[in-house]
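First comes the structure, then the notes that go with it.
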Amino acid sequence: MSTQDSTKLYCSICKRRAKGFKNRSGLQRHETLKHVSYNTLPSHVRSVPNSELSHLKKAIIKELQKRLKNHHTAVGKQVFSIHCSEDAFVSIFKNHITRYSPCGSSYFCSFKGEKAFEEVGKILDDENWGERNYGRGQLSFVRLHMPEVENSNYEQSAKKSKTKSLVNGEMTVQWKVTGGKDKENHKFEAGSAQFRFFLNQCQI
């Protein structure tokens with residue numbers, strides 16, 4: 001009967017844990033290559049009171065609305081983060097998590113397509129979550145769908161770019177723990193959800 005090397009890290013997803021990794025970055029790389037679609041939620045996640053979830057949803061909408069500016073220079077990629085517990089994040093997005101990384105303790109969601117705006121509205125309990133009306137027919141909004149012609153043109157231009165970017169017409173949400181430690185090994189960490197999306201504007 002084989003025993004595992006206590007000095008190495010092992011993948012908790014693999015059924016056969018024969019290969020160990022010298023450091024966390026090696027294990028993280030293995031997860032990314034072999035388990036990119038793994039989304040089985042961990043058993044340690046606990047339920048959260050509805051009142052707390054309702055408050056977090058309102059906080060998300062508030063921070064998002066602040067990015068829906070009316071000036072033409074605001075059109076394009078937007079990013080913001082909001083601190084929240086792992087339990088609260090999973091409670092809100094659990095049915096839409098496309099990837100969970102045990103090594104990185106991170107979760108990933110992606111929303112795009114014709115019904116994505118309505119889908120997020122149901123999650124956040126607000127059908128106008130991603131729109132801001134400035135009156136006189138001016139509307140700023142989160143773009144989650146692109147007509148086929150526009151999408152084709154965007155993909156062609158994206159291929160010419162050497163940098164990998166967020167897809168126009170998509171919102172991604174990632175939860176992970178971030179922080180650091182000082183020289184005395186005192187850690188300061190907290191979980192946060194990062195939202196990435198494209199802002200667009202139109203006349204209605």
Side-chain angles (χ1 to χ4, degrees), residues 31-33 35-39 41 53 56-84 88-101 104 106-176 178 191-204:
E31 279 191 0
T32 302
L33 293 174
H35 308 293
V36 68
S37 299
Y38 181 79
N39 66 346
L41 302 180
L53 297 181
L56 177 56
K57 291 176 183 180
K58 291 178 181 178
I60 291 171
I61 295 172
K62 175 187 174 183
E63 290 302 314
L64 191 147
Q65 286 283 322
K66 287 163 61 177
R67 272 75 184 175
L68 302 183
K69 297 179 180 180
N70 193 33
H71 199 274
H72 68 90
T73 58
V75 173
K77 185 177 178 181
Q78 302 291 323
V79 182
F80 75 91
S81 297
I82 187 167
H83 288 291
C84 66
F89 179 85
V90 173
S91 294
I92 292 176
F93 293 100
K94 59 185 176 183
N95 295 324
H96 306 274
I97 293 171
T98 56
R99 187 189 175 199
Y100 165 60
S101 168
S106 64
Y107 301 83
F108 182 83
C109 307
S110 174
F111 300 94
K112 60 182 177 180
E114 292 185 54
K115 297 182 179 180
F117 196 95
E118 180 182 356
E119 184 179 19
V120 178
K122 292 179 180 178
I123 295 172
L124 299 179
D125 299 324
D126 187 338
E127 61 181 13
N128 298 317
W129 66 275
E131 294 180 348
R132 187 162 183 176
N133 195 318
Y134 284 90
R136 298 182 180 180
Q138 300 179 73
L139 184 72
S140 296
F141 63 95
V142 177
R143 188 169 193 171
L144 297 183
H145 174 62
M146 290 181 69
E148 188 174 344
V149 175
E150 288 187 47
N151 188 50
S152 177
N153 292 336
Y154 177 81
E155 287 181 348
Q156 290 180 8
S157 62
K159 288 179 180 179
K160 296 178 182 180
S161 174
K162 294 182 180 180
T163 58
K164 185 177 180 181
S165 61
L166 181 73
V167 175
N168 190 352
E170 174 187 27
M171 181 174 75
T172 63
V173 187
Q174 183 180 31
W175 184 95
K176 62 181 179 179
T178 58
S192 63
Q194 185 178 75
F195 294 74
R196 295 176 178 269
F197 63 92
F198 272 86
L199 164 65
N200 208 347
Q201 299 168 346
C202 69
Q203 290 290 126
I204 56 175

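Everything numeric here is computed off the predicted structure, so don't read it as measured data. Just so you know, residue 1 is the first one in the sequence shown, and it goes up from there.
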*asked:* Whether the side chain of Gln65 engages the backbone of Glu131 through a donor-acceptor N/O pair (distance < 3.5 Å, no angle test) should be reported.
replied: yes
*Of all the heavy-atom pairs spanning Phe89 and Cys109, show the shortest one and how long it is.*
CZ-SG, 4.2 Å
*According to the interplanar angle, ranging from 0 to 90°, do the rings of Phe93 and Phe111 count as parallel (below 30°), tilted (30 to 60°) or perpendicular (above 60°)?*
tilted
*Measure the shortest side-chain to side-chain distance between Asn133 and Ile204 over non-hydrogen atoms and say whether it is less than 4.5 angstrom.*
yes
*For Ile92 and Leu53, work out which heavy atoms get closest and say how close.*
CG1-CD2, 3.9 Å
*Between CD on residue Glu170 and OG on residue Ser110, distance to nearest 0.5 Å*: 3.5 Å
Anything under 3.5 Å between a donor and an acceptor, one on a side chain of residues 57-64, the other on a protein residue two or more places apart or in another chain? List them.
residue: Lys57; atom: NZ; partner: Ile123; partner atom: O; Å: 3.1
residue: Lys57; atom: NZ; partner: Asp125; partner atom: OD2; Å: 2.9
residue: Glu63; atom: OE1; partner: Lys66; partner atom: NZ; Å: 3.4
residue: Glu63; atom: OE1; partner: Arg67; partner atom: NH1; Å: 2.9
residue: Glu63; atom: OE2; partner: Lys66; partner atom: NZ; Å: 3.4

*asked:* Phe197 vs Phe141, test: side chain to side chain contact (heavy atoms under 4.5 Å, CB included). Steps then yes/no.
replied: CA-CA 10 Å; Phe197 63 92; Phe141 63 95; over 6 Å; no
*For residues Tyr134 and Leu68, report the shortest heavy-atom separation together with the two atoms involved.*
OH-O, 2.5 Å
*Heavy-atom closest contact (Gly169 atom, Phe198 atom, distance)*: N-CD1, 4.3 Å
*When rounded to the nearest 0.5 angstrom, what distance separates NZ in Lys94 from CG in Leu41?*
9.0 Å
*asked:* Give me the atom names and distance for the closest heavy-atom approach of Ala88 to Leu56.
replied: CB-CD2, 3.8 Å
_Surrounding CD of Glu114 (heavy atoms of other residues, nucleotides or ligands, distance under 6.0 Å), is the total greater than 12?_
no
*With no hydrogens and no angle check, is any side-chain donor or acceptor of Thr98 less than 3.5 Å from a backbone partner on Phe108?*
yes
*asked:* Can you tell me how far apart CZ (Arg143) and CG (Leu199) are? Round to the nearest 0.5 Å.
replied: 11.0 Å
*Do Gln201 side-chain atoms and His71 backbone N/O form a donor-acceptor pair below 3.5 Å?*
yes
*Distance (rounded to the nearest 0.5 Å) between Phe80 CZ and Gln194 CD*: 9.5 Å
*Taking the six-membered ring for Trp, are His145 and Phe117 ring centroids under 6.0 Å apart?*
no
_When you compare the side chain of Arg196 with that of Gln78, does any pair of heavy atoms fall below 4.5 Å?_
no
*Would you indicate whether the side-chain heavy atoms of Trp175 and Ile97 approach each other to under 4.5 Å?*
no
*Given the rule in the side chain to side chain contact (heavy atoms under 4.5 Å, CB included) test, do Phe195 and Ile82 qualify, once you have shown the distances and angles that lead to the verdict?*
CA-CA 8 Å; Phe195 294 74; Ile82 187 167; 3.9 Å; yes
*Between Ser140 (side chain) and Lys69 (backbone), is there a donor-acceptor pair under 3.5 Å?*
yes
